[in-house]
Number of protein chains: 2
Amino acid sequence: MALEHAILVSLLEKPGSGYELARRFERSIGYFWTATHQQIYRVLKRMAADGWVDVLDVAQQGRPDKKEYSVSPAGRSALAGWLHEPIEPESVRHEIAVKIRGAAFDEPAGLIAEVERHRRMHEDQLAHYLAGQARDFPPGTGEGPPGAAPDPGRELQHAVLRGGIAYERMMTAWLDDVLDTLRRLGPGG
Amino acid sequence: MALEHAILVSLLEKPGSGYELARRFERSIGYFWTATHQQIYRVLKRMAADGWVDVLDVAQQGRPDKKEYSVSPAGRSALAGWLHEPIEPESVRHEIAVKIRGAAFDEPAGLIAEVERHRRMHEDQLAHYLAGQARDFPPGTGEGPPGAAPDPGRELQHAVLRGGIAYERMMTAWLDDVLDTLRRLGPGG
DNA sequence: TGATCCATGTAAGGAGTTACATGATTAA
DNA sequence: TTAATCATGTAACTCCTTACATGGATCA
């Protein structure tokens with residue numbers, strides 16, 4: 001299970017509440033790991049019981065109180081231990097590919113609208129990542145301004161973001177390819 | 001749930017036993033959906049109870065008897081119904097990306113060997129897909145020999161395989177990029 | 001007045017993984 | 001004789017999703 005570890009990484013980057021973690025999982029963490037608030041609260045509770053995180057009750061004015069979580073030394077060494085274990089590449093799951101192969105037994109052209117919709121979603125996601133990159137990693141900063149020491153955290157965050165960008169580019173290009181194929185098969189199926 | 005639907009598609013392409021389905025999920029279906037034999041047997045039982053598949057006991061000599069499953073008319077219409085429902089793109093889960101961001105809090109260079117290993121696995125998978133493509137879709141066949149009617153099933157299978165190829169190409173290129181970044185950060189972290 | 005944000009959770013159920021179990025045949 | 005292939009399953013457990021639940025503050 002990597003959700004614990006994803007939470008540890010996020011809390012090391014910046015401590016926060018379960019709610020804040022859920023938002024980060026929607027945004028920056030979302031391009032390599034997803035989790036809902038229900039999952040996050042459950043896992044945070046377990047992590048607190050295991051002593052991996054420390055909890056601080058924070059009273060707020062004008063909004064509900066929150067619990068701020070931060071990584072404990074035990075959590076840090078749990079993460080270090082996990083980093084040294086080999087992992088296997090994830091198994092891919094693309095429901096859309098099941099549909100594409102299934103379309104052979106239905107009306108192939110009937111899938112065009114759905115594939116176009118997916119293509120648009122991936123294109124939007126790509127635009128969103130590119131905007132984030134332009135905002136957080138403008139060209140000329142970070143990667144090697146001559147003489148300056150690189151910030152490993154920043155560089156690695158950018159490397160992961162480039163992975164998200166490459167993924168969305170690949171998906172839009174592949175879905176274009178699929179659309180060509182579906183259209184070539186013609187409206188008569 | 002798409003496992004049922006992935007099984008329906010596979011059984012429509014060719015009827016077979018649970019064991020055979022498990023092997024297909026390891027091979028050709030594996031590049032867009034994975035399932036173990038335990039899962040497959042459980043789901044096949046449910047699908048048989050729901051009348052989505054027909055079962056035929058086949059006695060064999062020299063090997064254990066098997067149950068051959070094929071899609072019933074009810075299964076076919078269940079698939080058709082599902083094909084017309086919109087689906088959401090899958091959430092991505094890359095444990096390796098969690099590790100890459102986590103490396104900022106450990107020794108970044110310590111991750112190089114693990115990333116190289118993943119890169120090799122993706123490269124091997126790519127070679128495997130390319131070999132399958134060369135075998136099953138040699139250039140000059142399929143996509144448009146002038147005058148011949150295209151086989152939708154075949155063309156769609158190829159389109160999905162091209163997605164697997166594009167995915168592995170993207171992953172190897174991205175992991176090269178990550179390796180550059182890790183090496184640039186230097187052995188001193 | 002209604003929607004969205006902040007903030008936390010419970011409960012139920014479905015999906016997926018890991019371990020265990022059996023047993024014949026065939027190739028190294 | 002050891003391992004792999006064929007063939008089917010159960011049991012326990014973990015993980016993930018969906019629905020439900022609360023309640024104040026802020027903005028349109």
Side-chain angles (χ1 to χ4, degrees), chain A residues 1-7 11 15-27 29-30 32-50 53 55-69 82 85 87-95 98, chain B residues 1-7 11 15-27 29-30 32-50 53 55-69 82 85 87-95 98:
Chain A
M1 229 272 270
L3 178 53
E4 274 107 331
H5 305 107
I7 288 176
L11 289 179
S17 68
Y19 185 87
E20 282 159 1
L21 280 170
R23 303 201 70 215
R24 290 184 212 169
F25 273 82
E26 270 173 18
R27 293 163 198 239
I29 301 174
F32 60 93
W33 206 268
T34 51
T36 59
H37 78 272
Q38 291 92 333
Q39 256 181 292
I40 290 166
Y41 283 123
R42 191 156 10 100
V43 171
L44 274 176
K45 190 180 270 189
R46 183 170 67 220
M47 290 169 78
D50 292 345
V53 290
V55 196
L56 183 69
D57 284 295
V58 177
Q60 297 186 116
Q61 56 234 42
R63 10 170 114 180
D65 296 351
K66 67 174 180 176
K67 296 178 185 169
E68 187 157 273
Y69 291 89
W82 177 76
E85 281 167 24
I87 50 166
E88 294 315 302
E90 255 73 54
S91 46
V92 185
R93 294 214 159 158
H94 288 301
E95 237 175 327
V98 180
Chain B
M1 231 275 270
L3 178 53
E4 273 106 330
H5 304 107
I7 288 175
L11 289 178
S17 67
Y19 185 87
E20 282 159 1
L21 280 170
R23 302 200 72 214
R24 290 184 213 169
F25 272 83
E26 270 174 16
R27 292 160 198 245
I29 301 173
F32 60 92
W33 205 267
T34 52
T36 58
H37 78 271
Q38 291 92 334
Q39 256 182 292
I40 290 167
Y41 284 123
R42 190 156 12 102
V43 170
L44 274 176
K45 190 180 271 189
R46 184 170 66 221
M47 290 169 77
D50 293 346
V53 290
V55 196
L56 183 69
D57 283 294
V58 177
Q60 298 187 117
Q61 58 234 42
R63 11 171 112 179
D65 297 351
K66 66 174 182 177
K67 297 179 185 168
E68 186 157 274
Y69 291 90
W82 177 74
E85 283 167 23
I87 50 168
E88 293 314 304
E90 256 72 55
S91 47
V92 185
R93 292 213 160 160
H94 289 303
E95 235 175 329
V98 180

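Contact check, Gln60(B) against dC6(D): no side-chain N or O comes under 4.0 Å of OP1 or OP2.
Arg93(B) places no side-chain N or O within donor-acceptor distance of the main-chain N or O of Glu90(A), the cut-off being under 3.5 Å. Of the possible polar contacts, one joining the Glu20(B) side chain to the Ser17(B) backbone as a donor-acceptor pair under 3.5 Å is found.
Straight-line distance from the CD atom of Glu90(A) to the P atom of dC15(D): 14 Å, rounded to whole Å. Regarding Leu44(A), its CG atom lies at a distance of 15 Å from the P atom of dC15(D), rounded to whole Å. Rounded to whole Å, the distance from CG on Asp57(B) to C1' on dA7(D) is 12 Å. In this structure, Gln61(B) atom CD and dA7(D) atom P are separated by 12 Å, rounded to whole Å. Between the C1' atom of dT8(D) and the CZ atom of Arg63(B) lies a distance of 15 Å, rounded to the nearest Å.
From the 5' end on, the contacts that DNA chain C makes with chain A at under 4.0 Å to a non-hydrogen atom open and close at dC5(C) to dG16(C).
When every heavy atom of His37(A) is checked against every heavy atom of Ala22(A), the shortest pair comes out as CB-CB, 3.9 Å. A pairwise comparison of heavy atoms in Tyr69(B) and Val53(B) identifies CD2-CG2, 3.8 Å as the closest pair. Residues Thr34(A) and Phe25(A) share a closest heavy-atom pair of C-CD2, 4.1 Å. The two residues Glu95(B) and Trp33(A) have their closest heavy-atom pair at N-CZ3, 3.7 Å. In terms of heavy atoms, Leu11(B) sits closest to Gly16(B) at CD2-N, 3.6 Å. Minimum interatomic distance between Val55(A) and Ala48(A) (heavy atoms only, all atoms of both residues): CG2-CB, 4.0 Å.
Residues Val98(A) and Phe32(B) have side chains in contact (heavy-atom distance under 4.5 Å, counting atoms from C-beta outward).
Rounded to 10 degrees, the angle between the two end axes of the helix from dT1(C)-dA28(D) to dA28(C)-dT1(D) is 40°, with five pairs used at each end.
For the pair Pro64(A) and Gln39(A), both in contact range of DNA chain D, the more 5′-proximal nearest nucleotide belongs to Gln39(A). Both Leu3(A) and Lys66(B) sit near DNA chain D, but only Lys66(B) has its closest nucleotide nearer the 5' end.
Of the residues in residues 15-24 of chain A, not one places a heavy atom less than 4.0 Å from an atom of DNA chain D.
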Name the atoms and distances for all side-chain donor-acceptor pairs under 3.5 Å in residues 38-47 of chain B, with sequence neighbours left out.
unit_1   : atom_1 : unit_2   : atom_2 : d
Gln38(B) : OE1    : Thr36(B) : OG1    : 3.4
Gln39(B) : OE1    : Thr36(B) : N      : 3.4
Arg46(B) : NE     : Glu4(B)  : OE2    : 3.4
Arg46(B) : NH2    : Glu4(B)  : OE2    : 2.9

Only pairs under 3.5 Å count here: list side-chain donor-acceptor contacts from residues 56-64 of chain B, not counting sequence neighbours, and write none if there are none.
unit_1   : atom_1 : unit_2   : atom_2 : d
Gln60(B) : NE2    : Pro64(B) : O      : 2.7

Enumerate the protein-to-nucleotides 10-14 of chain D contacts in which both atoms are nitrogen or oxygen and the separation is below 3.5 Å.
unit_1  : atom_1 : unit_2   : atom_2 : d
dT10(D) : OP1    : Lys45(B) : NZ     : 3.0
dT10(D) : OP2    : Lys45(B) : NZ     : 3.3

